[in-house]
Amino acid sequence: MSLRRVTVLGATGSIGTSTLDVIGRHPERYRVHALTAHRSREALLALCLRHRPAVAVLDTEEDAAWLRRQLAEAQLATEVRAGCRALVEVAEASEVDAVMSAIVGAAGLLPTLAAVKAGKRVLLANKEALVMSGALFMDAVTRHGATLLPIDSEHNAIYQCLPSEHRGGLGRHGVTQLLLTASGGPFRGWSRDGLASVTPDQACDHPNWSMGRKISVDSATLMNKGLELIEACWLFDARADQIQVVVHPQSVIHSMAAYSDGSVIAQLGNPDMRTPIAYGLAWPERIDAGVEALDLFRIARLDFEPADERAFPCLRLAREAMAAGGTAPAVLNAANEVAVEAFLAGRLGFTGIGELVARVRDARPVEAADDLETILEADALARQAAYARLARQ
Ligand code: NAD
Ligand code: MG
């Protein structure tokens with residue numbers, strides 16, 4: 001077994017730390033090449049001391065200088081760099097075999113695409129990158145021979161439930177439907193009126209998963225499921241009408257594939273992201289992820305219900321963006337990022353998130369998303385439109 005060198009983009013986050021937990025269990029298999037973080041320099045220092053990467057990346061030169069001093073004191077040879085260009089370089093470096101893409105939001109797009117274009121094994125947690133650039137991203141995967149492994153638990157589950165060669169449309173392989181499960185988030189069963197006054201802490205208090213704050217809010221609005229619907233269309237060459245969202249509050253079934261002979265294949269497990277992460281790292285092998293064995297007697301029952309798109313309009317907005325195509329998903333994603341940030345900062349109510357996304361969508365044209373410049377411009381202009389709306393409130 002050869003040693004695999006891994007770059008972890010977004011190492012200090014929820015997915016990043018789970019990734020390093022799995023990597024740390026298998027020192028004979030994996031070595032960390034680079035670790036990156038945005039501003040959390042103390043957390044990155046601790047990870048560097050533990051995993052001794054060749055390179056560490058932070059956003060600002062000031063933070064990088066601080067980390068450089070600390071690492072020198074600890075007599076570690078880690079090279080410390082700053083900025084976006086450095087993120088791209090550690091993603092495409094020739095000594096790297098696999099890249100965990102776990103930056104949150106659009107900021108992850110360029111380094112993730114760089115890893116794809118360098119033909120790496122790409123472990124995709126950063127769903128926003130794929131939502132923004134779907135066709136371009138998947139085209140780059142094929143063209144550069146990258147190995148794309150979905151880490152989002154639902155997509156990882158579907159990946160495990162499909163035949164190993166699933167390209168060319170689901171129908172070719174007898175798959176009739178993908179069943180995308182959703183926990184329903186902390187506000188499952190709430191009415192739209194009740195949602196108006198919920199706080200960021202309530203929204204981030206997810207019943208089953210412990211995650212970063214942005215995806216926690218997305219889970220509460222169901223925008224996360226909308227982004228995942230778009231993500232599934234691209235990953236599995238599926239149409240939106242071939243994907244059914246199934247609310248399953250226990251989060252034990254992580255998603256399913258239905259076949260023309262009536263079979264439905266599901267992937268089950270405890271809600272612990274180390275399972276899909278270990279799958280992505282070791283594929284096609286299996287390794288210990290440190291995850292507790294599933295105890296079906298303790299779970300006892302599995303429930304299913306449809307999603308309430310009246311109380312949670314973001315799911316519908318995402319479906320509409322996918323149908324509109326082109327830059328529409330990038331606009332949806334950008335408006336949502338601004339809205340979630342404003343909600344977390346106490347400047348926008350919870351139901352204002354979907355309203356702002358819809359307003360920005362209505363204000364921005366849909367263009368063909370054939371090149372990266374167009375996508376980045378659509379993202380930037382949607383953000384501007386969202387900030388302008390917020391300022392007028
Ligand atoms: P998080 O907020 O916990 O961590 C984000 C990481 O990205 C941190 O290391 C942070 O320093 C870095 N980062 C943030 N902004 C950055 C920027 N502008 N430039 C460079 N680095 C930046 O987020 P998370 O929960 O780990 O989620 C990461 C990604 O994985 C998201 O796209 C999310 O949708 C996806 N995901 C997460 C989970 C989960 O269980 N947490 C599950 C499925 C998918
Ligand atoms: Mg998910």
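All values below come from the heavy atoms of this structure, side chains included, with hydrogens, waters and symmetry mates left out. Computed from a predicted model, the values in this text were never measured in an experiment. In each ligand, atom 1 is the first atom listed, and ligand 1 is the first ligand listed. The first residue of the sequence shown is numbered 1, and numbering continues consecutively from there.
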Next on the checklist: One thing to verify: whether Glu292 and Arg274 come together as a salt bridge, which I'm taking to mean a side-chain N less than 4.0 angstrom from a carboxylate O.
Outcome noted: no

Next on the checklist: Among all protein heavy atoms in this structure, tell me which lies nearest to atom 14 (C) of ligand 1, with the distance rounded to 0.1 Å.
Outcome noted: Val104 CG1, 3.7 Å

Next on the checklist: For Ser191 and Asp193, which I'm curious about, is there any donor-acceptor pair between the side chains at under 3.5 Å?
Outcome noted: no

Checklist entry - How does Ala102 reach ligand 1, by side chain, by backbone, by both or by neither, if only non-hydrogen atoms under 4.0 Å count? => result backbone

Checklist entry - For ligand 1, which atoms sit closer than 4.0 Å to a heavy atom of Ala125? => result 30 (O), 32 (O), 35 (C), 36 (N), 44 (C)

Next on the checklist: Considering non-hydrogen atoms of the protein only, which is the closest contact for atom 38 (C) of ligand 1, and what is the distance?
Outcome noted: Ile15 CD1, 3.4 Å

Checklist entry - Salt-bridged, Glu305 to Arg188, with N to O below 4.0 Å? => result yes

Next on the checklist: If the threshold is 4.0 Å, N to carboxylate O, is there a salt bridge linking Arg192 and Glu355?
Outcome noted: yes

Item to check | Enumerated ligand 1 atoms positioned under 4.0 Å from heavy atoms of Ala11 | outcome: 9 (O)

Next on the checklist: Just to confirm my output: which protein heavy-atom neighbour is closest to atom 29 (C) of ligand 1, and how far is it?
Outcome noted: Ile103 O, 3.7 Å

Checklist outcome for this item: heavy-atom search around atom 34 (O) of ligand 1 in the protein gives Lys127 CE, 3.2 Å

Checklist entry - At the 4.0 Å heavy-atom cut-off, does Met273 count as touching ligand 1? => result yes

Item to check | N/O/S atom name from Glu154 that is nearest to the position of the Mg ion (ligand 2) | outcome: OE1

Checklist entry - Are Arg5 and Asp97 close enough for a salt bridge, meaning some N to O gap below 4.0 Å? => result no

Checklist entry - Is Asp152 in polar range of ligand 1, meaning some N or O pair under 3.5 Å apart? => result no

Checklist entry - With the threshold set at 4.0 Å, does a side-chain nitrogen-carboxylate oxygen contact exist between Lys117 and Glu92? => result no

Next on the checklist: To make sure I understand the geometry: which N, O or S atom in Glu228 is closest to the Mg ion (ligand 2)?
Outcome noted: OE2

Checklist entry - Is Ile215 near ligand 1, meaning one of its heavy atoms is under 4.0 Å from it? => result yes

Checklist entry - Between Glu61 and Arg68, does a salt bridge (charged side-chain N to carboxylate O under 4.0 Å, His left out) hold up when you go through it step by step? => result CA-CA 10 Å; Glu61 195 45 63; Arg68 225 170 266 135; 3.3 Å; yes

Checklist entry - Please state which protein non-hydrogen atom is closest to atom 4 (O) of ligand 1 and give its distance, to 0.1 Å? => result Gly13 CA, 3.1 Å

Checklist entry - Which is closest to atom 32 (O) of ligand 1 by heavy-atom distance: His155, Glu128, His206? => result Glu128

Checklist entry - Taking it one step at a time, do Leu356 and Leu348 satisfy side chain to side chain contact (heavy atoms under 4.5 Å, CB included)? => result CA-CA 9 Å; Leu356 184 62; Leu348 183 68; 4.2 Å; yes

Checklist outcome for this item: Residue, atom and distance of the protein heavy atom nearest atom 11 (O) of ligand 1 read His38 N, 2.9 Å

Checklist entry - Should Phe187 and Phe312 be marked as a ring pair (Phe, Tyr, Trp, His ring centres under 6.0 Å) after you check the CA-CA gap, both sets of side-chain angles, and the distance that decides it? => result CA-CA 10 Å; Phe187 307 130; Phe312 302 96; 7.6 Å; no

Checklist entry - What protein heavy atom sits nearest atom 3 (O) of ligand 1, and how far off is it? => result Ser14 N, 2.9 Å

Checklist entry - Can we say Asp218 and Arg213 salt-bridge, meaning some charged N sits less than 4.0 Å from an Asp/Glu carboxylate O? => result no

Checklist entry - Among protein heavy atoms, which sits nearest to atom 25 (O) of ligand 1, and what does the distance come to when rounded to 0.1 Å? => result Gly212 N, 2.8 Å

Next on the checklist: Does this structure show an ion pair linking Glu154 with Lys127, if we count only N-O contacts that are shorter than 4.0 Å?
Outcome noted: no

Checklist entry - Could you state the interatomic distance from OG (Ser255) to CD1 (Ile265), rounded to the nearest 0.5 Å? => result 13.5 Å

Item to check | Atom indices of ligand 1, in the order listed, that fall short of 4.0 Å to a heavy atom of Ala37 | outcome: 11 (O)

Checklist entry - Of all N, O or S atoms in Asp152, which has the smallest distance to the Mg ion (ligand 2)? => result OD1

Checklist outcome for this item: Near Ala107 (heavy-atom distance under 4.0 Å), the atoms of ligand 1 are 17 (C), 18 (N), 19 (N)

